[in-house]
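Some notes on the structure that comes next.
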There are 2 protein chains.
Amino acid sequence: MGTTGRKLRADAERSIRTIMEAAERVLSENPGATMEQIAEAAGVARTTIHRRFASREALIDIMTVAAWREIAEAVDAARPSTAPPQVAMYQATVNVLRVKSGWRFALTNRGPLSGEAARIEADVIAKCDLAIRRGQQEGAIRPDADPLWVRRVYLALLTEAAHGPHPGHAGPCGEAAPAETPAETDADIDELATRVMDTLIRGFGPARPEADRPRED
Amino acid sequence: MGTTGRKLRADAERSIRTIMEAAERVLSENPGATMEQIAEAAGVARTTIHRRFASREALIDIMTVAAWREIAEAVDAARPSTAPPQVAMYQATVNVLRVKSGWRFALTNRGPLSGEAARIEADVIAKCDLAIRRGQQEGAIRPDADPLWVRRVYLALLTEAAHGPHPGHAGPCGEAAPAETPAETDADIDELATRVMDTLIRGFGPARPEADRPRED
DNA sequence: ATTATCAGGAACATGGGTGTTGCAATTATC
DNA sequence: GATAATTGCAACACCCATGTTCCTGATAAT
C-alpha cells in the first residue's frame, strides 16, 4: 500500500511523515520496538500505520530508502568528482553527518541492503572510493594504503562521530546515555567533521613538522 | 538453572559449551534467531537449552559475560599498566582481535550492559583509557587529542578489523558476505593489528619524514 | 550393577505482536 | 454543501516464539 499510485490527501501525507519520524525516533532507541509503541509516539492509531505501510518490514524498507536518498543528495552536494578531494571529503562529511543524525536507525547496519537502497548505497560507496583514489593520486592519502581499509575506517569514523556522545559532555563511561539528539549546531557538526578528517589523515601520532601542514596554533 | 550451584555431569557441561558455541555462530549471522535454530545448530533438542539456560535472555547474558571475561584476560595478558604503551597496545590489540573473532555476536553492542558484564567492561575501558593517557605522556599520542575520542576511534577500529572482510578477499562491494570466519591465522591477526595501530597513530596522511619512524621499506 | 543424572520428544499453555475488518466520526477537497 | 478520503476504535484471527511438563531411554559416576 505504501507505494500505491493514487494521489493521497494532504493529511494522509502528513501522517506518513509523522509516522516515519516517530518510527525513526523510537526504533533508534529500541530496534525491536512494537508497532504499538511507534503509533503511540506518532500520536496515531496502530491501524493507521498498517493503512499506510503494508507491514512493519515495508515501513522500515521505505524509511531506509528515504534515508539513503538523503545520503546520496548529501554526497552529491559536495561535488565529489569535481572539487579537490580534500574539500570534497570535508564537505561530504559535514553533509552526511547532518543526515545521519536524523536517520540514526534507518542508516544503521542491519545486514545487507536490498532493492533500491542497495543500489543507492552502491552508488554512494563508488563515489566514496573515487574520492579516496583521487586523494591518493593527489598525495593527501598515502598511496600504499589499502583503499578498502581507508573506506571502512572513514565510514566507521562517520558512524562514531554521528552516533556517539558529544565533545562537551562526557559521562562516567562516556556512551552510556546516547538518549537524545541535542539538536546539533553547525559549529558542532563542523567540529565533528574536522575530527573525522583529522583522524583519518593525520591520525593521533605526533604533529608533523611544518612541511606538510602550514601551522597549527 | 544456568548458575545453579550443583555439580554438573560431564556431558551436561559439554552440552552447555556446544550450545553456547552454536548460539554464537547462529546469532552472529541473525541476532533474532530462534531457540529452535540455535538448538538445531547445536545438534540438540530445544528443551535441552531450556534445561541449561533459564531463558533466551539468560543464555545471551551468560555468553556476554563469558566473552567479556576473555576480553579482560586478553587485555591483562598484554600487561597494559607496566609494559611501554606502544607495545602494550599492540599486544592487547592482537589478543583482543583473537577473542573478538570468536565472540562476534556476544561482543556486539546491543545497548548498555548490566551486571557483571558491565563491571568487566568498565574495568577494560579504564585500562584502555590508562594506556591512552600513558601514550600521550610518552609522546606516541598527541597531547591535544581528546582521549575520549581516541578511545572511541580505537574501539571502532578494533570492531572494523575483527568483523569486516579480510585483507585478501574483496567482494564487489566488500562487506556483502561476512558469512564465515575463515580461521584467522596468526599472520592475519598480526597484519590486522598492525593496520589498527598504524591507522590510529599515523593515520592515512603522507608518510612522516624519518624523524619519527626509523624506516619503512 | 546400581543410581542419579541427562537428553530427546511430544504435548500443552501462554503471551504478544501482526495484520485484518467493519463502522462511525471527522476532515479535506471541490 | 456534497463527496470522497481519512482516521480512531474495537474486535478478531493468526502465527510464532517462549517456556513448561511428563515420560522414556540413554549414559555418566560410584
Side-chain angles (χ1 to χ4, degrees), chain A residues 1-64 105-106 108 110-111 114, chain B residues 1-64 105-106 108 110-111 114:
Chain A
M1 300 188 172
T3 40
T4 307
R6 230 185 54 259
K7 303 171 192 171
L8 293 175
R9 230 167 64 176
D11 50 351
E13 307 231 41
R14 205 179 328 136
S15 281
I16 294 183
R17 295 193 49 148
T18 305
I19 291 170
M20 291 210 289
E21 286 166 11
E24 170 55 40
R25 226 176 313 132
V26 172
L27 290 174
S28 68
E29 286 190 11
N30 173 19
T34 306
M35 297 293 262
E36 187 69 46
Q37 297 174 273
I38 297 174
E40 183 186 357
V44 159
R46 185 174 64 92
T47 46
T48 300
I49 302 186
H50 283 106
R51 226 188 302 271
R52 297 302 161 207
F53 302 92
S55 68
R56 182 194 157 91
E57 193 188 351
L59 167 60
I60 294 180
D61 282 355
I62 291 176
M63 286 170 59
T64 304
F105 166 80
T108 274
R110 301 175 304 280
S114 62
Chain B
M1 304 185 171
T3 39
T4 307
R6 231 185 56 260
K7 302 171 191 172
L8 293 176
R9 231 168 64 177
D11 50 350
E13 306 232 41
R14 207 179 327 137
S15 280
I16 294 182
R17 295 193 51 144
T18 306
I19 291 170
M20 289 209 289
E21 287 167 10
E24 169 56 40
R25 227 176 312 133
V26 172
L27 291 174
S28 68
E29 286 191 10
N30 174 19
T34 306
M35 297 292 262
E36 187 68 46
Q37 298 174 273
I38 297 175
E40 184 186 356
V44 160
R46 184 174 65 90
T47 46
T48 300
I49 301 187
H50 283 105
R51 224 190 304 271
R52 296 303 161 205
F53 302 92
S55 68
R56 181 195 158 90
E57 193 188 352
L59 168 60
I60 293 180
D61 282 355
I62 292 176
M63 288 170 59
T64 305
F105 167 79
T108 274
R110 301 176 303 279
S114 62

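Atoms considered below: every heavy atom in the structure, side chains included; atoms not considered: hydrogens, waters and symmetry mates. The shown structure was predicted, so the numbers you read here are calculated from the model rather than taken from an experiment. Numbered from 1 within each chain, the chains take letters A, B, ... in sequence-line order.
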Answer yes or no: side-chain N or O of B:R51 and base N or O of C:dG8 forming a donor-acceptor pair under 3.5 Å. yes
With the side chain defined as heavy atoms from C-beta on, A:R9 is closest, among C:dA28, C:dG8, D:dG19, to C:dA28
Closest to the side chain of B:D11, out of D:dG8, C:dC6, D:dT6, is C:dC6
Only residue of A:L59, A:D61, A:I60 satisfying side-chain contact (heavy atoms from CB on, under 4.5 Å) with A:F53 is A:L59
Of D:dT7, C:dG8, C:dC6, the nucleotide closest to the side chain of A:S15 is D:dT7
Taking D:dA28, D:dG19, C:dT18 as options, the one with an atom nearest any side-chain atom of B:R14 is D:dA28
Side-chain contact check for B:T34: nearest option of D:dA28, D:dG19, D:dA17 is D:dA17
Checklist entry - With sugar-phosphate meaning primed atoms plus P, OP1 and OP2, does A:T47 contact a base, only sugar-phosphate, or nothing at under 4.0 Å between heavy atoms? => result base
Q.
Is a donor from one side chain sitting under 3.5 angstrom from an acceptor on the other, for A:R51 and A:S15?
A. no
Check your understanding: If you look at every strand shown and take non-hydrogen atoms under 4.0 Å, does A:G43 touch a base, only sugar-phosphate, or nothing?
Key -> sugar-phosphate
Looking only at D:dA29, D:dA11, D:dG19, the nucleotide nearest the A:R46 side chain is D:dA11
Any non-hydrogen side-chain atom of A:I62 less than 4.5 Å from a side-chain atom of A:I16?
no
Side-chain atoms of B:A12 come closest, of D:dT18, C:dA7, D:dT6, to C:dA7
